[in-house]
Protein chains: 4
Amino acid sequence: MPRTEKQFEQIREEKRDLIKSVALELFAKEGYYNTSISKIARGAKISKGLIYNYFESKEDLIKEIVFDGIDTFIEVFDPNKDGILTDDELEFFIGETFRILKSNTNYWRLYFSLLMQSNVYKLVGRRFLKLIIPLMKTLKNYLEWKGSKNPLVDVRLFAALMDGICLHYVLDPKDFPLDDIKERIFKLFTINN
Amino acid sequence: MPRTEKQFEQIREEKRDLIKSVALELFAKEGYYNTSISKIARGAKISKGLIYNYFESKEDLIKEIVFDGIDTFIEVFDPNKDGILTDDELEFFIGETFRILKSNTNYWRLYFSLLMQSNVYKLVGRRFLKLIIPLMKTLKNYLEWKGSKNPLVDVRLFAALMDGICLHYVLDPKDFPLDDIKERIFKLFTINN
Amino acid sequence: MPRTEKQFEQIREEKRDLIKSVALELFAKEGYYNTSISKIARGAKISKGLIYNYFESKEDLIKEIVFDGIDTFIEVFDPNKDGILTDDELEFFIGETFRILKSNTNYWRLYFSLLMQSNVYKLVGRRFLKLIIPLMKTLKNYLEWKGSKNPLVDVRLFAALMDGICLHYVLDPKDFPLDDIKERIFKLFTINN
Amino acid sequence: MPRTEKQFEQIREEKRDLIKSVALELFAKEGYYNTSISKIARGAKISKGLIYNYFESKEDLIKEIVFDGIDTFIEVFDPNKDGILTDDELEFFIGETFRILKSNTNYWRLYFSLLMQSNVYKLVGRRFLKLIIPLMKTLKNYLEWKGSKNPLVDVRLFAALMDGICLHYVLDPKDFPLDDIKERIFKLFTINN
DNA sequence: AATGAATGAGAATTCATTCAT
DNA sequence: CATGAATGAATTCTCATTCAT
C-alpha cells in the first residue's frame with residue numbers, strides 16, 4: 001500500500017526536526033564553525049546529501065534553528081493583549097523566561113554565540129527586535145505606572161539584566177541561583193522607587 | 001652597517017601592535033572564523049607570512065589580543081587594597097568599567113563573542129576568573145555591609161547586570177544611554193534594601 | 001535508487017588502490033617530500049580533496065603503502081614452520097627475495113628512501129623488525145649447522161649483503177646481474193667454510 | 001690595524017666550515033626537508049641571511065657537503081698507482097672504509113638518505129661514479145687474479161656488500177660488529193674460490 | 001661581513017556543496 | 001527519498017630567498 005501524501009509529509013517533518021535538533025546540539029556544544037555538515041549527518045545517522053534535501057545550506061539550517069527558538073519565545077509572550085502589565089504578569093514574564101532558559105539552555109547558548117557574530121546578528125536580529133519591541137513598550141508603561149522617573153532607561157536596564165542573567169546562566173548553569181535571582185529581580189522592579 | 005638590536009626591537013613592537021589592532025578590529029566586526037589570516041594581512045598591508053613571524057598561530061594571535069584586554073582591565077581594578085569598598089569606590093568601579101567599555105568597544109564585542117565559543121572560553125576563562133574573583137569578594141563584603149540579605153545572590157545579580165549592559169552596549173553602542181544606566185545601577189546597589 | 005553497500009565498497013577499494021599505486025610511483029621516483037598531494041591527485045586524475053576521503057593524511061598514506069609492502073613480504077616468508085632451513089629453502093628464500101625485488105622495484109626504492117629518514121624509520125622500522133627477526137634466527141641456526149664459527153656475525157653479513165644488493169638494484173636495475181649474484185650468494189653461504 | 005686579505009679569507013673559510021658542519025649534523029639527524037635554513041642559522045649562531053652570503057641556495061649547501069665527503073673518500077683511496085691490488089692493499093682498503101664509516105657516521109647516513117632521492121642522486125651520483133669506477137676496475141683485476149670466474153659479478157657483489165654494511169652500520173651503529181665483519185669480508189674475497 | 005624583517009609561492013588539509021546512481 | 005563519492009575553493013601555515021640597513 002503506497003503511503004499517502006500526508007504520511008510523506010509527516011516523515012519529512014520528522015526528519016527536518018531530527019536534523020535541526022542534532023544540529024542545535026552540536027552548534028551549541030562545539031560552535032557553528034566547528035560543526036561540519038558531516039558531523040551533523042553522522043549525528044543524525046543520515047547521509048550528508050540528505051541534509052541538502054531539507055535545507056538549502058548550512059546557513060539556512062542555522063537560520064531556521066534560531067527562528068524556531070524565537071517563535072517558541074513568541075508563543076509564550078505574545079502580547080496581543082492590552083499592553084498593560086500587572087505585577088502578576090511581570091512575575092509571570094520573568095518566571096516564564098527563566099523556565100524557557102532552563103529547558104532550552106542549549107538553544108540560548110547558541111543564540112548568544114550567534115548574536116555576537118555580526119553577520120548572523122543582522123540576519124536574525126531584526127526578527128528578534130520585532131518580537132521584543134512590543135514587550136518593551138508594555139514594560140515601559142508598567143514602569144511608568146510604577147513611578148519610574150526614566151522608564152526608557154529602566155526598560156533598557158531590565159533588558160540588559162535579563163540578558164546578562166541568561167548569559168551567565170548558559171555559561172555555567174550548574175551553580176547559578178536562578179530562583180533566588182528571580183525573586184530579587186521581581187522585587188527590584190515592582191517596588192516603587 | 002646592520003641595524004641595532006634596539007631598532008629591531010622597535011620595529012617588532014610596532015608591527016605586533018599593528019597586526020593586533022587590525023586583527024581585533026576584524027575579529028570583532030566579522031567574527032573569529034570569518035576573519036582569515038589573509039584578510040588580516042591585507043588589512044595591515046603586510047604579507048601573510050609576516051604574521052607568522054610575530055605570532056605562532058591564529059590562536060596565539062587571538063589569545064594575545066584577549067589577554068591584552070584583560071591586562072588593561074586588571075591595571076585599572078587591581079584590588080590589592082583592603083578588600084573594602086566604599087560608596088565612592090563602587091561608583092568609581094562602575095564608572096571605570098563603562099569608560100573602558102566605551103573606549104574599547106571592539107575589544108569587548110570580541111570578548112563576548114569569544115566567550116560563547118566554548119573552546120575559546122576554556123582558553124581564556126581561567127585567566128579572567130582570577131581577575132574577577134577578588135573583585136567579587138570585595139563586592140560581596142560591601143553588599144553585606146549595605147545590609148543585603150543574600151549578598152552572594154546580589155553579587156551574581158550585579159555581575160550579570162554589568163555583563164548584560166556590556167553586551168547590549170557593544171551590540172548597539174549608538175543609542176545606549178550608558179550614563180543614565182550608570183546612575184541607576186549606582187542607586188540600585190548603594191541604597192540599603 | 002541508491003547504490004548498494006557493496007558497490008560503494010568496490011568503488012572505494014579501487015580508488016584506494018589507484019591512489020596508493022600512483023603515490024608509490026611518485027614517492028619512489030621523486031621522494032616523499034617532493035611529492036605533493038596535488039601531484040598525486042593530478043597523477044590519479046582526481047581532486048586533492050578526494051585523497052582525504054580515503055586517507056587521513058599524507059603520512060597515513062605512506063604508512064599504508066609501506067605496510068602493504070611489508071605484508072607482501074610477510075606473506076611469502078612467513079616462517080611459522082620449524083625454524084629449520086635446508087639448502088633448498090635458503091635458495092628459495094634468496095630467489096623469492098630477488099623475485100619480489102624485481103616485481104616491486106618501486107616499492108623497495110621507496111622503502112630504502114624512507115628507511116633513511118629517521119622519523120619515518122621509527123614509524124615503520126618496528127613492524128619490519130618483527131618480521132625480520134624470526135627469519136634471522138632461522139638463518140642463524142642454519143649457518144651454525146653449516147659450521148659457521150660466528151653465526152651471529154654471518155647473519156649480519158648476510159642481511160647486509162642482501163640489503164646492499166637490494167639497494168644497488170633499485171638504484172640501477174637495468175644493468176644489475178641479479179641472477180649471477182644470486183648464484184654467488186648461494187654458494188657463499190651454503191659451502192662449509 | 002686593518003685585517004689583511006688573508007685574514008678575511010680565513011674567517012670566511014671558518015664560517016663556511018661552521019655552516020657546513022652544523023648543516024650536516026642537522027640534515028643527517030632530522031632529514032634534509034625537516035631542516036630549515038633558519039634551524040641551521042640558529043645552530044650556527046648566525047643570521048639566516050649570512051648563509052646566503054656563503055652558499056647560493058640550500059641545494060648548493062648540501063651539494064657541497066656531499067662533495068666534501070666524496071673528496072675525503074678520494075683522498076684516502078686515490079688509486080693513482082698501478083691499478084694493481086695486493087692482499088694487503090685490499091685489507092687496507094676495507095679497513096680504511098670502515099674507519100671512515102666509524103668516524104663520519106653522520107655523513108654516511110646523510111649520504112645514503114640523499115642517494116635515495118633520485119633528484120639528489122642525479123646531482124651527486126655522477127661525481128661519485130667517477131671516483132668509484134677506477135677502484136672497481138682495480139678490484140676487478142685483483143679478483144681475476146685471485147681466480148674469480150666472473151670478476152664483474154664479484155665486483156658488484158663486493159660493492160653491494162660494502163654498501164649494505166655501511167647502511168646497516170649507520171642505521172644502528174651501537175650493536176654492529178664492524179670488526180668481525182671486516183675479518184669475514186677479507187676472508188671471503190681473498191681466498192681462492 | 002652581517003642582520004633579521006619581509007615576501008610569496010606552495011604545502012597539507014577541511015568542508016560546504018553537487019550529483020550520478 | 002537517500003546515498004556517499006567527488007569537487008574545488010579557501011584556510012592555516014612553512015620556508016627558501018631577498019634586501020634595506
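- Rounding to whole angstrom units, CD1 of residue C:I37 and P of F:dT12 are separated by 20 Å.
- For E:dG10, its base sits under 3.5 Å from the side chain of B:K48 at one donor and acceptor pair at least.
- Minimum atom distance to the side chain of C:S57 is reached by E:dT13, of the listed F:dT12, E:dT17, E:dT13.
- A donor-acceptor pair is defined here as one N or O able to donate and one able to accept, closer than 3.5 Å; no such pair exists between the side chain of D:Y52 and the backbone of D:S57.
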Margin query: Dot-bracket, 5' to 3', for DNA chain F please: Watson-Crick or G-U pairs under 3.5 Å, [ ] where pairs cross earlier ones, | where the partner sits on another strand, dots elsewhere.
Written below: .||||||||||||||||||||

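- Taking the centre and axis of the six-membered ring of B:Y32, the NZ or CZ atom of B:K58 falls inside the cone set by 45° and 6.0 Å.
- Contact record, C:A44 with C:L18: O-CD2, 3.7 Å, taken as the closest heavy-atom pair.
- Summarising the geometry, atom CG belonging to A:N106 is positioned 7.5 Å from atom NZ belonging to A:K29; distances are rounded to the nearest 0.5 Å.
- Place C:S38 and A:E56 on DNA chain E by their nearest nucleotides, and C:S38 ends up nearer the 5' end.
- One atom, CZ of C:R16, and another, C1' of F:dA5, lie 14 Å apart when rounded to the nearest Å.
- Rounded to an integer number of Å, the gap from OH of D:Y32 to P of F:dC15 is 13 Å.
- Between B:D60 atom CG and F:dT12 atom P there is a gap of 14 Å when expressed in whole angstrom units.
- Comparing E:dG4, F:dT17, E:dT14 by their closest approach to the side chain of C:Y52 singles out E:dT14.
- Checked against F:dT3, F:dT12, E:dT17, the side chain of A:I46 finds its nearest nucleotide in F:dT3.
- The 5' end of DNA chain F is approached more closely, in terms of each residue's nearest nucleotide, by A:G49 than by the other of A:G49 and B:G49.
- For the residue pair D:I51 and D:A41, the shortest heavy atom distance occurs at CD1-N, 3.8 Å.
- In the set F:dT17, F:dA6, E:dA12, the nucleotide with an atom closest to the side chain of D:K58 is F:dT17.
- One finds no side-chain N or O of B:N53 lying less than 4.0 angstrom from the OP1 or OP2 phosphate oxygen of E:dA6.
- Considering all non-hydrogen atoms of both residues, A:T35 and A:I40 come closest at CG2-CG1, 3.7 Å.
- Here E:dA6 is the nucleotide among F:dA6, E:dA6, F:dA2 with the atom lying nearest to any side-chain atom of B:Y54.
- The shortest heavy-atom contact between B:Y107 and B:V66 is OH-O, 3.0 Å.
- Across the protein-nucleic acid pair, D:F27 atom CZ and F:dC15 atom C1' stand 13 Å apart, rounded to whole Å.
- Residues C:R12 and B:T35 each lie close to DNA chain F; by heavy-atom proximity, the contact nearer the 5' end of the strand is made by C:R12.
- For residues 15-24 of chain D, the set of pairs meeting the side-chain hydrogen bond (donor to acceptor under 3.5 Å, both in side chains) definition, not counting sequence neighbours, comprises D:R16-D:E64, D:K20-D:E64, D:K20-D:D68.
- Counting any heavy atom pair closer than 4.0 Å across all strands shown, B:I51 reaches no nucleic acid atom.
- Counting to the nearest Å, the P atom of E:dT13 and the CD1 atom of C:I62 are 12 Å from each other.
- Nearest nucleotide to the side chain of B:L50, out of E:dT3, E:dT7, F:dA6: E:dT7.
- Rounding to whole angstrom units, OH of residue D:Y33 and C1' of E:dA12 are separated by 16 Å.
- Looking at heavy-atom distances under 4.0 Å, D:F55 makes no contact with the nucleic acid at all.
- As a whole-Å value, the separation of B:L61 CG from F:dC13 P is 10 Å.
- Closest to the side chain of C:F8, out of E:dA2, E:dA16, F:dT3, is F:dT3.
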